[in-house]
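Along the sequence shown, residues are numbered consecutively beginning with 1.
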Amino acid sequence: EGPTITTSMKGGNYKLGSIISVASATAYDNIDGNVKVYTYLICPNFAVEVVKDGSFKAREVGVYTVRYVAFDSNGNTSYKDFEITVGGNK
């Protein structure tokens, strides 16, 4: 069983050019206790970026996925995804 990821992140709709805040996350594993959470951004063009400094700029129209990933010492992996839709109006 993978770790349980907890975050206050919500999906939503934003305008092109917006700076979108990405909430931090924690993960707890029933054997390892607290484990590290990695936060990635999957862009509309399917490029994957590491989220740094807790935000990203919506540079293109489409659906972005904020993905949180946590691993435990047994190799179990958990994911939690949130979709961010960016429209064309600045």
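Within a 6.0 Å radius of CD in Glu83, other residues, nucleotides and ligands contribute 12 heavy atoms or fewer.
In terms of heavy atoms, Val35 sits closest to Asp32 at CG1-CB, 3.8 Å. Scanning both residues, Tyr14 and Ser18, for their nearest heavy atoms gives CB-OG, 4.0 Å. Contact record, Glu49 with Cys43: OE2-SG, 3.6 Å, taken as the closest heavy-atom pair.
Both Val51 and Ile84 are members of a single hydrophobic cluster when ILVMFWY side chains are connected at heavy-atom separations under 4.5 Å. Hydrophobic clustering, with ILVMFWY side chains joined whenever heavy atoms are under 4.5 angstrom apart, keeps Tyr40 apart from Met9. In the hydrophobic clustering of ILVMFWY residues, with side-chain heavy atoms under 4.5 Å counting as a link, Val48 and Val50 come out together. Hydrophobic clustering (ILVMFWY, side-chain heavy atoms < 4.5 Å, transitive): Tyr79 and Val66 are in distinct clusters. Residues Val37 and Ile42 do not share a hydrophobic cluster, clusters being chains of Ile/Leu/Val/Met/Phe/Trp/Tyr side chains in contact below 4.5 Å.
The ring of Tyr64 has its center closer than 6.0 angstrom to the ring center of Phe56.
At least one donor-acceptor pair under 3.5 Å links the side chain of Thr7 to the backbone N or O of Ser24. Remark: side-chain polar atoms of Ser78 are paired, donor with acceptor, to backbone N or O of Pro3 under 3.5 angstrom. Asp53 places no side-chain N or O within donor-acceptor distance of the main-chain N or O of Ser55, the cut-off being under 3.5 Å. Under a 3.5 Å cut-off, the side chain of Asn45 and the backbone N or O of Ala47 do form a donor-acceptor pair.
Geometrically, Lys80 does not engage Phe82 in a cation-pi contact defined by less than 6.0 Å to the ring centre and at most 45° from the axis.
With values rounded to the nearest 0.5 angstrom, Arg59 atom CZ is found 10.5 Å from Leu16 atom CG. To the nearest 0.5 angstrom, Glu1 atom CD is 9.0 Å from Asp72 atom CG. Taken from CG in Asn30 to CG in Asn76, the straight-line distance is 8.5 Å, to the nearest 0.5 Å.
Donor-acceptor pairing under 3.5 Å is lacking for the side chains of Thr65 and Asp81.
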